Amino acid sequence: MRDTPSTTSTSEATRLIHPQGDAKAPVRTAAPVLQRGTTVLHACAASFGQTLPSYGRSGLATHGELRQALCDLEGGDVAELYPSGLAALAGAILAVCRTGDEILMCDTIYGPTRRFAETTMADYGVTTRPFPASASAEELEAMLGEKTRLIVLESPGSLTLDMIDVPAIAAMARRRGVLTLIDNTYAAGLLFKPLAHGVDISVQAMTKYICGHSDVFMGCAVARGEVGALLQRGTRAIGWTISSDDAYLALRGMKTLELRLAQHGAAALEVARWLSARPEVKSVLCPALPGAPGHEIFARDFSGGNGLVTIELDGPLAATPAFLDALSIFGLGFSWGGFESLAIACNDQLEARAFEREWTRPVIRLHIGLETTGDLIAELDGALGAFAKAAQTLSGVPA
Ligand SMILES: Cc1ncc(COP(=O)(O)O)c(C=O)c1O
C-alpha cells in the first residue's frame with residue numbers, strides 16, 4: 001500500500017495538493033471525496049452513540065478532509081466550519097465570551113465584526129472597546145481590565161491594511177491570561193501563521209482566497225486544545241453547518257491556493273510600485289511594498305503579500321466616481337480573494353472608525369486579480385487620467 005505524502009517532510013504547497021486523506025479507502029480518487037447526506041445510517045442498535053459522526057450536520061467525509069487540511073494549514077488541532085466568514089468571526093467570539101466579559105478590538109477590524117460585537121455581544125452583556133492598530137503591546141497591556149477576556153486583531157487590517165505587532169501582543173496577552181483571536185483572511189492561512197506566533201484562534205473568511213472563485217461563502221476558526229474544544233462546543237450547540245458541495249469546492253480551491261496567492265501577490269506588488277510613481281496618487285497602502293507603512297513588521301512576519309492594494313488619490317472626494325467609472329476590467333464590488341480584479345471606495349466605511357485620521361481624499365481599495373497585469377495597469381492609467389481631469393474641472397481650472 002502506497003502512503004499519502006508525509007505531513008512533516010513535504011512542503012506546504014505539496015501538502016495542500018495531497019492532504020492526508022484515507023489511504024486505506026477501497027477506491028481512492030485524486031479529487032476529494034464528495035459525500036452528501038443528512039442521515040447517517042448506523043450498522044446496528046448498539047452503534048447508536050458510538051458511530052461518529054452520528055448525524056450529517058456535524059460533517060461527513062468531505063468536511064472531515066477539509067477540517068484536517070485547515071488544521072494542517074493553520075497549525076491547529078480543531079478547525080470549525082461556518083457558513084460565512086462573518087459567521088466564523090461571530091461564532092468564535094460567542095464561543096469564548098461570557099456575560100460580563102470585555103473585548104478589546106482593533107479599530108481596523110472588518111466593519112461587520114465590530115457591528116456584531118457592538119450589537120449582539122452588547123445585548124448579551126459583553127462590552128467592546130476599540131484600540132488603534134498602532135498600539136504597542138505595552139499600550140494594550142495598560143488597557144487591560146479585570147474583565148478583559150479577548151483581544152481581537154486583524155493584520156493587515158481591513159481597507160487601510162495597517163500592520164499590528166501580533167507576536168508581541170499575543171505574548172503579552174498569554175502572560176496576562178487573555179485570549180487572542182485574529183482575522184487571518186488576508187494571509188489565507190498561508191502567508192502568516194498566527195498560532196505559531198502565539199495567537200489562540202485564527203479565523204478566516206474562506207469566501208476569499210481559499211474558495212477563491214467568488215462563488216462560495218464559508219468561514220473557519222482554528223485553535224488548539226481547550227480553546228479548540230470551546231469552538232467545537234459552540235458550533236455543535238448552535239448548529240452551524242456547511243454543504244458538502246461547498247466543502248468540496250473549498251478543498252478544490254486549496255489545491256491551487258499557493259499558486260494563485262503567489263500570482264496575486266506578485267501582480268499587486270507590480271501595480272503598487274507603478275502606482276507609487278504616479279502624481280495622482282498621494283499614498284499607496286500596501287505593506288508588502290518596501291517603504292510603505294507597516295512594511296517592517298510585514299517583512300518580519302509574512303512570507304508574501306496578497307492581491308490587495310489601497311491607494312489615496314490626490315484630489316477631491318467628489319472626483320471618486322470619475323476614477324471608478326473609468327474601470328471595466330476591475331469590477332465595482334465588495335469582496336476580494338477571487339480570480340478577478342475589483343475596486344471599491346472606502347471613505348464611507350472609514351468614518352465608522354474611532355481612531356482613524358480624517359480621510360479627506362478618495363481612498364480606493366483595489367484587489368489585483370489574475371488577469372494580465374499589463375492590462376490592469378493600462379486601465380488604471382486611464383482611470384487616473386479621468387480622475388485628474390475631473391479634479392481639475394471641480395477646482396474650476398480649465399482642463
Ligand atoms: C477581512 C474580512 N473578514 C471577514 C469577511 C467576511 O467574510 P464573508 O463575506 O464570508 O462573511 C470579509 C469580507 O469581506 C473580510 O474582508
Side-chain angles (χ1 to χ4, degrees), residues 66 70 74 79-94 105-120 130 133 152-164 166 181-192 194 199 201-222 235 238 240-243 246-247 249-250 253 261 264 268 285-287 294 302 305-310 331-346 348-350 352-353 363-369:
L66 178 56
L70 290 167
E74 293 269 8
E80 290 300 292
L81 300 169
Y82 304 81
S84 71
L86 180 58
L89 289 151
I93 291 171
L94 267 176
M105 187 173 278
C106 69
D107 199 29
T108 45
I109 197 77
Y110 175 59
T113 307
R114 172 204 294 260
R115 191 176 59 213
F116 168 75
E118 291 177 350
T119 56
T120 306
V152 177
L153 306 163
E154 183 181 332
S155 178
S158 275
L159 306 176
T160 44
L161 305 178
D162 310 64
M163 293 302 299
I164 291 177
V166 175
L181 178 155
I182 192 167
D183 182 334
N184 196 33
T185 304
Y186 178 103
L190 200 61
L191 306 174
F192 178 62
V199 176
I201 307 171
S202 179
V203 178
Q204 277 194 63
M206 296 162 71
T207 310
K208 315 298 176 197
Y209 286 112
I210 290 200
C211 292
H213 292 75
S214 305
D215 53 5
V216 178
F217 277 104
M218 195 182 297
C220 66
V222 182
T235 318
I238 289 182
W240 272 305
T241 190
I242 62 162
S243 80
D246 283 351
L249 289 174
L261 263 180
H264 283 291
L285 308 175
C286 173
F302 279 63
N306 73 10
L308 292 174
V309 178
T310 298
L332 305 186
F334 291 110
S335 203
W336 46 277
F339 48 84
E340 79 283 27
S341 290
L342 292 168
I344 55 165
C346 305
D348 288 352
Q349 293 185 67
L350 293 174
R353 293 186 177 173
V363 178
I364 310 283
R365 184 187 71 192
L366 302 172
H367 177 251
I368 306 303

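Each ligand, and each atom within it, is numbered from 1 in the order the structure gives. Values in this document were obtained by computation on a predicted structure and should not be read as measured data.
Partners of Tyr82 according to the side chain to side chain donor-acceptor pair (under 3.5 Å) rule, which considers only residues two or more places apart in sequence or in another chain, do not exist here. Partners of Thr113 under the side chain to side chain donor-acceptor pair (under 3.5 Å) rule, at least two apart in sequence or in another chain, do not exist in this structure. Ser158 meets the side chain to side chain donor-acceptor pair (under 3.5 Å) test with Glu154; sequence neighbours excluded.
Distance check, rounded to the nearest 0.5 Å: CG of Leu159 to CD1 of Ile364 gives 11.5 Å.
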Ligand 1 polar-atom proximity to protein (N/O, under 3.5 Å):
| from | atom 1 | to | atom 2 | distance (Å) |
| --- | --- | --- | --- | --- |
| ligand 1 | 3 (N) | Asp183 | OD2 | 2.7 |
| ligand 1 | 10 (O) | Gly85 | N | 2.7 |
| ligand 1 | 10 (O) | Thr207 | OG1 | 2.5 |
| ligand 1 | 11 (O) | Gly85 | N | 3.2 |
| ligand 1 | 11 (O) | Leu86 | N | 2.9 |
| ligand 1 | 14 (O) | Lys208 | NZ | 2.7 |
| ligand 1 | 16 (O) | Trp336 | NE1 | 3.0 |

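Minimum interatomic distance between Ile242 and Ala247 (heavy atoms only, all atoms of both residues): CD1-CB, 3.9 Å.
Proximity of a side-chain donor or acceptor of Tyr186 to a complementary backbone N or O of Asn306 within less than 3.5 Å is detected.
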